[in-house]
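Worksheet: the structure to be examined is printed underneath.
Because the structure is a prediction, the values reported are computed rather than measured. So that the names make sense, note that chain A is the first sequence line, chain B the second, and so on, each numbered from 1.
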There are 2 protein chains.
Amino acid sequence: MKTLKIPEATIIRLSVYSRYLTEVDRKGIITISSRDIAEGVGVSPAQVRKDLAYFGEFGTRGVGYNVKDLRQHILRILGLSVDWSVSLVGAGNLGLALSTYKGFRKRGFIITSIFDTDPQKVGTMVGDVEIMPIERLVEVAKQNRTQIGIVAVPASAAQEVVDQLIKADVKAILNFAQVVLNVPPEIELRNVDLVVNLEVLTFNVSAQR
Amino acid sequence: MKTLKIPEATIIRLSVYSRYLTEVDRKGIITISSRDIAEGVGVSPAQVRKDLAYFGEFGTRGVGYNVKDLRQHILRILGLSVDWSVSLVGAGNLGLALSTYKGFRKRGFIITSIFDTDPQKVGTMVGDVEIMPIERLVEVAKQNRTQIGIVAVPASAAQEVVDQLIKADVKAILNFAQVVLNVPPEIELRNVDLVVNLEVLTFNVSAQR
DNA sequence: TAGATTGTTAATCGATTAACAATC
DNA sequence: TAGATTGTTAATCGATTAACAATC
């Protein structure tokens with residue numbers, strides 16, 4: 001198989017398609033066209049077909065796509081046919097919000113460990129997970145074969161946490177701290193920047209007049 | 001002035017540049033080159049100059065950019081020379097995390113009102129803001145001349161909340177609910193999808209072998 | 001067979017990068 | 001003047017859209 005580069009925008013849309021298909025499937029609909037998917041998620045039908053074509057031929061000409069099949073295919077493409085063990089670092093307000101967020105578990109992301117530096121917090125339970133001291137991160141994350149780390153600590157502590165996560169053989173990191181992090185190229189890193197999203201909005205609102 | 005379209009990627013980078021310049025300024029550095037900025041934030045120098053060139057000539061050939069000046073220019077471009085009144089809807093875990101998030105206030109986003117449906121929560125204080133019943137949203141948000149709404153409610157309630165925000169003359173909405181929202185074209189809408197970020201990671205990790 | 005819709009190629013659009021004249 | 005670095009144009013790269021042959 002030739003590995004041609006897949007645009008990241010395609011991956012993001014695939015995630016959206018699969019969620020839409022979950023909805024459609026729940027309504028008992030068997031078959032769906034690229035046009036219907038496109039309408040449902042707000043893109044063009046050509047875009048839907050192009051995105052899917054990177055990975056194979058999932059439809060039937062003249063008919064469309066089988067909803068259940070396509071959904072399963074996309075989940076497999078995204079790596080969601082298995083559960084993922086996630087380690088959450090930082091049990092502040094944001095960390096606690098993320099730890100109780102239902103959306104993660106629904107897609108197979110299981111938070112198996114939570115770490116914090118605050119001795120007050122260490123030992124307390126969040127759902128069925130006990131908050132552990134950050135010193136135990138490497139040991140515990142390795143034990144759980146954790147592949148994803150979520151960084152929800154202050155910017156000043158983020159690089160140190162990331163270094164520990166890498167020592168624990170984590171493969172991917174989702175970072176909420178507002179700081180540019182250094183990771184080796186084989187580690188997947190994504191930054192969620194809550195403030196920058198607001199600033200794109202203010203730019204657009206300000207530019208409107 | 002000709003209004004040529006500015007890539008959204010440019011706006012996002014401007015936000016990053018301005019934060020980096022804040023750091024650099026704090027160190028007492030007076031002048032900076034596009035190469036230094038580029039290194040600091042991980043893009044190419046040409047990219048930095050191109051991004052800035054959309055908005056004017058801020059540098060001096062042979063010298064570089066004045067750090068304080070450039071920072072101020074970018075903040076003005078982003079609409080951040082004034083504070084913004086923000087209304088937060090949904091005081092669950094995520095909402096509370098956002099309401100206490102320091103990063104917002106630092107960039108001039110002031111949460112002036114918080115709404116929730118839960119009678120248990122209504123009346124309690126978050127910092128110096130009292131949680132109000134969602135029925136008062138339109139009235140209160142109008143009174144505060146709120147221009148930005150943050151939606152941190154369950155997906156099932158999000159469209160209704162958005163409709164209320166629009167009635168309150170909000171200009172921009174940051175949505176954390178996992179649902180496709182309908183808004184009129186003059187309303188700026190951005191979606192923050194926490195799960196899709198994890199799924200881009202799992203795709204990349206899964207594709208690595 | 002006629003109608004519908006996919007998968008795919010070619011055309012278009014947009015963003016990034018490279019190169020360099022302008023100029024401090 | 002020589003060296004440095006901007007602002008800008010042209011070249012490249014990449015992603016989206018349009019069009020249509022293949023085919024159910």
Could you tell me how far apart B:Arg49 (CZ) and D:dA4 (C1') are, to the nearest whole angstrom?
11 Å
So, does B:Ser44 get its side chain near the phosphate of C:dT17, meaning an N or O under 4.0 Å from OP1 or OP2?
yes
Measure the distance from CG on A:Asp51 to P on D:dG14 and round it to the nearest whole Å.
17 Å
Side chain of B:Tyr54, heavy atoms from C-beta onward: which of C:dT16, D:dT16, C:dT8 has the nearest atom to it?
C:dT16
Please state whether the phosphate of D:dT5, meaning OP1 or OP2, lies under 4.0 angstrom from any side-chain nitrogen or oxygen of B:Arg35.
yes
Just by distance, do the side chain of A:Thr22 and the backbone of A:Ser18 share a donor-acceptor pair under 3.5 Å?
yes
Within the structure, does a side-chain N or O atom of B:Gln47 lie under 4.0 Å from either OP1 or OP2 of C:dA15?
no
What's the shortest heavy-atom distance between B:Val43 and B:Tyr17, and which atoms?
CG2-OH, 3.9 Å
Map B:Gly56 and A:Pro7 onto DNA chain D by nearest heavy atom, then report which one ends up closer to the 5' terminus.
B:Gly56
Output yes when at least one side-chain N/O atom of A:Ser34 is less than 4.0 Å from OP1 or OP2 of C:dT6, else no.
yes
d(CD1, B:Ile37; P, D:dG7) in whole Å
10 Å
Rounded distance in Å - OH (B:Tyr17) to P (D:dT6):
12 Å
After noting the C-alpha distance and the side-chain angles of A:Asp193 and B:Arg19, does the key distance pass the side-chain contact (heavy atoms from CB on, under 4.5 Å) rule?
CA-CA 12 Å; A:Asp193 191 324; B:Arg19 278 205 305 249; 2.3 Å; yes
What is the distance from CD1 of B:Ile32 to P of D:dA4, rounded to the nearest Å?
18 Å
Might you confirm whether atom CD1 of B:Ile110 has over 12 heavy atoms from other residues, nucleotides or ligands at distances under 6.0 Å?
yes
Short side-chain N/O contact to D:dA15 OP1/OP2 from A:Lys5, under 4.0 Å
yes
Nucleotide paired to D:dA11 in any strand shown, Watson-Crick or G-U, under 3.5 Å:
C:dT16
A:Asn204 side-chain N/O to A:Val200 backbone N/O, donor-acceptor pair under 3.5 Å
yes
Please give, in whole Å, the distance from D:dA15 P to A:Arg13 CZ?
10 Å
Verify the neighbour count for atom CD1 of A:Ile29: are there more than 12 heavy atoms of other residues, nucleotides or ligands below 6.0 Å?
yes
Whole-Å distance between C:dA15 P and B:Leu14 CG?
14 Å
Is it true that a side-chain atom of A:Thr202 and a backbone atom of B:Leu78 form a donor plus acceptor pair closer than 3.5 Å?
yes
Considering only heavy atoms, which members of residues 57-69 of chain A lie under 4.0 Å from some atom of DNA chain C?
A:Glu57, A:Phe58, A:Gly59, A:Thr60, A:Arg61, A:Gly62, A:Val63, A:Gly64, A:Tyr65
Tell me which nucleotide among D:dT6, D:dA10, D:dA18 gets nearest to the side chain of B:Lys50.
D:dA10
Is there a donor-acceptor contact under 3.5 Å from the side chain of B:Thr100 to the main chain of B:Leu96?
yes
Check every atom of C:dT6, D:dT8, D:dT16 against the side chain of A:Ala9 and return the nucleotide holding the closest atom.
D:dT16
Paired nucleotide for C:dT23 [Watson-Crick or G-U wobble; both distances under 3.5 Å]
D:dA4
Whole angstroms only, please: what is the CD1-P distance between B:Ile12 and C:dT16?
10 Å
